[in-house]
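Right, one structure below, let's go through it.
Below, read A as the first sequence line, B as the second, and so on, with proteins coming before strands; counting in each chain starts at 1.
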Amino acid sequence: MSRPTDDVVTGVVSPKTGQRWIPVLGIEVHCQLKTETKLFSQAPYRFGAEPNTRITAVCTAQPGTLPVLNEAAVALAVRAALALGANVANWSKFDRKNYFYCDLPKGYQITQFDQPYCTGGGVTLPSGRFVRLTRIHMEEDAGKAIHDRGPDTLVDLNRAGVPLIEIVSEADLCSAQEAFDYLTSLKETLQFAGASDCDMEKGSLRCDVNISVHRPGEKWGTKVELKNLNSFRNVMAATEFEILRQIEAYESGDPARFPVQETRAFDAGSGRTRTMRSKEDAHDYRYFPEPDLPPLYLSPEFLQAQAEALPESAPNRRQRYVESMGLSEYDAGVLTATPALARWFEETARLCGSPKDAANWISNEVLRALSDPEIEARSLEDLPVGPDGVAELITLVLSGRVNVPGGREVLRAMLKTGKRAGALLSELGLEQVNDEAQLEAWCQEALVGKDKVIADVLAGKDKAVGALVGPVMKASKGKANPQVVTEILLRLIRSGAAS
Amino acid sequence: MPESPVPPADAPAPDGALIQKTASLARLALDPSEVEHLVPQFARILGSFETLRALDTTGIEPMTRPIELETVQRADEAGPCLDREAALGLAPKRSDEFYAVPKTLEAEG
Amino acid sequence: MAHERKDAVGLARAIAAGESSAEAAVSEALERARGLGARLACFLSLEPDGALARARELDRARADGRALGPLAGVPIAIKANMATEGFETNCASRILAGYRAPYTATFVQRLVDAGAVPIGVTNMDEFAMGSSGENSAFGPAMNPWDETRTPGGSSSGAAAAVAAGIVPIALGSDTGGSVRQPAAFCGIQGFKPTYGRVSRYGLIAFASSLDQVSPFARTVRDLELVMELMSGADPMDSSSLPMGPMRRGPDTVRLDGLRIGLPKEYLPDGLDGRVRGAVEAAAETLRSLGAEVVEVSLPHTDAAIPCYYVVATAEASSNLARFDGVRYGLRVDGDGSLAGMMAATREAGFGPEVKRRILLGTYVLSSGYYDAWYGQAMKVRRLLRRDFDRAFESCDLVLGPTSPTPAFTLGEKTADPLTMYLNDILTAPASLAGLPAISVPGGFALENGTRLPLGLQLVGPPLEDGRVLHAARAFESATSFHSERPPLFA
């Protein structure tokens, strides 16, 4: 496996000259591990906490403090690596990356330099292309510097020390779309491995893109690093802009305009990239082995246990939903949008015994409720009803205690109030009428004067009876079972009881 | 870390520019008289350290720490946080609930 | 009551027996600290209120019949690079002047839990960088045997305070000899444990892979007690050894069967004859105790100083990066930019030796020089350790001088940093190798009519802390150097 050769890459056609250019992209992703406390300190991190309240002597680098590694961070980092098919080293070590900045309390970041815990692995794009990973390493996050409030730069150290993994891809990507696809697949994998929330808005996923362009078959161009990419959409936009900027620079023929090795920031407002830091300002990070932390040993037994504890991946779940649960590809896709949704669905399916019905009710009703202004919850976790409640409702529908429209009404009420389906059924008076005599009476009424329908049915057009189901349902105030009503109507017509 | 088995014996003698560059990496605003003093001191110290570089260390593993251990890991359990007032009270300058530093625009690292 | 004549074990026993009280012991120590201590510049700050309150609490506990710890009521001194909540932990540096630690070091807490009463913070070379105490931003401490001389360094104030009978126990830190050399210069016991024996949590780092909290005392049994209380794994320090407290050696003061190695490299031709004489006499004493003396070789000793100064300064350049004017300590605004503020703060806050070492350490780690200096030093470090491993195949302990000379005069070596660095030649090897080592009083040298103590060093294999202390205790029992008091003691 390797990067596709230039002759098979579509590339980008220069709008000016019509020439084909080959973009070369590599991506570095920083992903926050879903732990309770920080990588080396016992401070419990929460996004959005009051500034400087999630700090200890360790994460504020009080003199004399020392780091101690969080075992949950290690386990999650390993799970992420295993989910990405990477090799986890039995021995790895931590290093110091030295630089000064106001959000870096110790004046160095503890990271892994030349012996990361993980190498290799990769991500399969929807196109089927495999993008190789160079390595994954663990490191601690810096704090937050706020520049737009008052005359000073303000520093909040809540985030300082939060556990991250940095996932570095090979320069295997060939377009902005591939960059987007790569990130989408990577995020899904990390989320389903339970390693990270991957929420860009909360900063738990961040990415930098390295870009160069060259003419087919020629030497690769100078690499530029893009930062400040705070959504996948921005990655696409920034990458597209930067590719064209570099092509134009080369095509100008003026070496003074050629891309230089630098870091550029993306400004989402203007859709442009601008220089942040040129190579001349490049840091000399003076990496050296962290003397405060002996090497990390991950035993084969530990790695085996983590592999066994690894939750099922999204693609595997989709395949299982289609193949053994009989769901459509579409529903399987919808229900694996997030690990939480997949878990919700599987639990509901298990409790009601019908995966297809569970899929229908969840994808049609439950998910719709999350965007319903009358229902407060905006995520599954916020809903007052769990899979057991929905499963109970589905069971009531399947057993004929309430019809489908009535069931929808009950579910809406459940999602608003959190009450159980059974209670709401009687509260709302939606219990399905199964009394044959009553149903027959309503049907007889509906047949009065409907000679055309009767004739059609007798001529073999059973579907014609559909026109009469509505009035019967209306007469029953929605509580009749439409299927039973249809059966009764047909029987009455065929037996000549209708007139 | 990339490794060159034989250290370069012809490293440039420390001069003012090297001291200045190193001081800038180390965030030390040395004044010119200090630099002037440091150049011969550096030359003398590093010169006397040549005994170190003269040793043949082919095939010798670097020794980062005196005792070989594997790192311990702690449970992912929250401990007590510093009181914000106490922490910010140690700072030379604060602004409301933040540490305050001279305005800077670009992040580093 | 002459508490100052008692060692910690004796004092604790007297207090436990009701012959004295914690309050009396602590008051007397404070009084001597204010008098003799001030004259010798031993302390940077005293904490009389807290110390006396704690002493009274212990006395009440005794009166109530509650169990007392083995150090109950014993006044101790803490070096200025050790976090003790509320104490000014300034590392004798302007950059941390006024900094009061918001937490307490594990090793301090363990001694406090055993009843020890910290009375104040001792003077030192700034950030423990120095061999004479003269790099203190607040002025040097003086040697109680001769006030014109250095007590050694970097734990200058701590050694002087114990030698002057102010406290029976003071905690120092030893990175390349910072406890053993001052112990030698001041005629007391100073023990550097195996690296990792004592937690470093709360010890402000100079060189993380070398630093060890190391106690001073006037008797070996005091060191043994302090080590038993202070050592053992600490969940807050990943480099602390995963084992329980140190176990002391046998009670006997015989050393039958023990093989003492004399490394020829520690006794070069040009060595001060008085120092050589003390080592030879000590070998004889040890023989009389049943030990066998053999010659050994530590062939890479010459490389120890450059190796030590590369490793230690590299780590220091990174460890001291946190002093940036943002979260604590000094701030100098500089040119108004963030980088300018940091550079101006560090320029004004650090003294010349600290700056020199930060520069040296930054240089040996920087791009293009790493392999030649830092990388090479880490390999030579292994060679130094192998020297010891091989030596310990034919001996159980290594004996040598602690320092090539007795205490030198203040100002004698400040002009040339390299001369000062060379003073560590006999102590740096055991630090690089992480080995337990003690300096014991081993004789006196007459210098212009003044008697100056000489120290002898015993180095043991890794984890053999108990063996080192046992041999030192046997040597102590057969000699009287440790019981001699400097003229200022009275």
Side-chain angles (χ1 to χ4, degrees), chain A residues 39-42 52 55-71 93-110 113-114 142-143 145 147 151-157 160 281-296, chain C residues 81-83 89-91 96 99 101-106 127 196 199-205 207-211 234-240 311 314-315 317-329 338-339 341-343 346 361-370 374-375 378:
Chain A
L39 187 54
F40 298 115
S41 101
Q42 291 178 292
N52 291 310
I55 54 173
T56 66
V58 175
C59 38
T60 53
Q62 297 298 324
T65 55
L66 296 168
V68 184
L69 186 59
N70 179 346
E71 65 180 9
K93 71 178 179 71
F94 290 94
D95 299 276
R96 292 187 183 177
K97 177 182 180 179
N98 295 283
Y99 67 94
F100 288 90
Y101 195 61
C102 57
D103 65 5
L104 189 71
K106 295 188 293 298
Y108 56 85
Q109 177 193 33
I110 304 178
F113 181 54
D114 58 341
H147 305 295
D152 289 324
T153 284
L154 305 178
V155 182
D156 173 10
L157 294 180
D281 311 326
H283 292 280
D284 181 349
Y285 290 122
R286 291 160 284 133
Y287 287 98
F288 75 103
E290 164 58 287
D292 290 333
L293 291 167
L296 172 64
Chain C
N81 59 354
M82 299 171 168
T89 309
N90 62 31
C91 292
L96 271 181
Y99 173 76
Y103 72 104
T104 296
T106 304
F127 284 103
S199 164
R200 292 184 295 117
Y201 188 74
L203 174 66
I204 299 182
S208 314
S209 77
L210 295 156
D211 296 341
D234 176 11
M236 298 300 277
D237 177 4
S238 309
S239 67
S240 68
V311 170
E315 292 179 8
S317 71
S318 177
N319 285 332
L320 270 61
R322 67 188 60 196
F323 304 104
D324 59 4
V326 177
R327 294 161 311 284
Y328 38 71
L338 176 68
M341 179 278 281
M342 288 180 174
R346 292 163 60 79
T362 304
Y363 170 78
V364 300
L365 286 176
S366 64
S367 166
Y369 303 103
Y370 181 96
Y374 183 73
M378 289 211 297

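Side-chain contact between A/Pro294 and C/Ser238 is present, with at least one heavy-atom pair separated by less than 4.5 Å. Between A/Arg286 and C/Tyr363, the closest side-chain pair of non-hydrogen atoms is not below 4.5 Å. At least one side-chain heavy atom of A/Pro289 sits less than 4.5 Å from a side-chain heavy atom of C/Met378. Counting heavy atoms from C-beta on, the side chains of C/Ser367 and A/Tyr285 never come closer than 4.5 Å. Residues C/Asp324 and A/Tyr101 have side chains not in contact (no heavy-atom distance under 4.5 Å, counting atoms from C-beta outward). Between C/Ser209 and A/Glu290 the shortest side-chain heavy-atom distance does not fall below 4.5 Å. Two residues are said to be in side-chain contact when any heavy atoms from C-beta on lie closer than 4.5 Å; A/Phe288 and C/Ser317 fail this criterion. Side-chain contact between A/Phe100 and C/Arg346 is present, with heavy atoms from C-beta onward closer than 4.5 Å.
In terms of heavy atoms, C/Glu315 sits closest to A/Arg96 at O-NH1, 4.1 Å. Nearest heavy-atom pair, A/Val68 versus C/Asp237, reported as atom, atom and distance to 0.1 Å: CG2-N, 4.2 Å. Residues C/Tyr201 and A/Ala57 approach most closely at OH-CB, 4.3 Å, considering heavy atoms.
If you tally non-hydrogen atom pairs under 4.5 Å between each of A/Val58, A/Leu293, A/Thr60, A/Val155 and chain C, the highest count goes to A/Thr60.
Residue contact with chain C, scored on non-hydrogen atoms closer than 4.5 Å, involves the backbone and the side chain of A/Ala61 alike. Within the 4.5 angstrom heavy-atom criterion, no atom of C/Asn81 approaches chain A. Both the backbone and the side chain of C/Thr362 have a heavy atom closer than 4.5 Å to some heavy atom of chain A. Within the 4.5 angstrom heavy-atom criterion, no atom of C/Ala207 approaches chain A.
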What do the steps show when you test C/Asn319 against A/Lys106 for side-chain contact (heavy atoms from CB on, under 4.5 Å), and what is the final call? CA-CA 8 Å; C/Asn319 285 332; A/Lys106 295 188 293 298; over 6 Å; no

Worked check of side-chain contact (heavy atoms from CB on, under 4.5 Å) between C/Arg327 and A/Ile55: CA-CA 12 Å; C/Arg327 294 161 311 284; A/Ile55 54 173; over 6 Å; no

Let's go through C/Leu365 and A/Tyr287 carefully: what are the C-alpha distance in whole Å and the side-chain angles of both, what is the deciding distance for side-chain contact (heavy atoms from CB on, under 4.5 Å) to 0.1 Å, and is it a yes or a no? CA-CA 7 Å; C/Leu365 286 176; A/Tyr287 287 98; over 6 Å; no

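Note: A/Asp284 CG to C/Tyr369 OH = 10.0 Å, rounded to the nearest 0.5 Å. In this structure, C/Arg200 CZ and A/Leu66 CG are separated by 5.0 Å, a value rounded to the nearest 0.5 Å. Distance OG1/A/Thr65 to OH/C/Tyr103: 5.0 Å, rounded to 0.5 Å.
Between the side chains of C/Ser318 and A/Asn98, at least one donor-acceptor pair of N or O atoms lies under 3.5 Å. Using modelled atom types, one finds a donor on one side chain and an acceptor on the other under 3.5 Å when comparing C/Arg322 with A/Tyr108.
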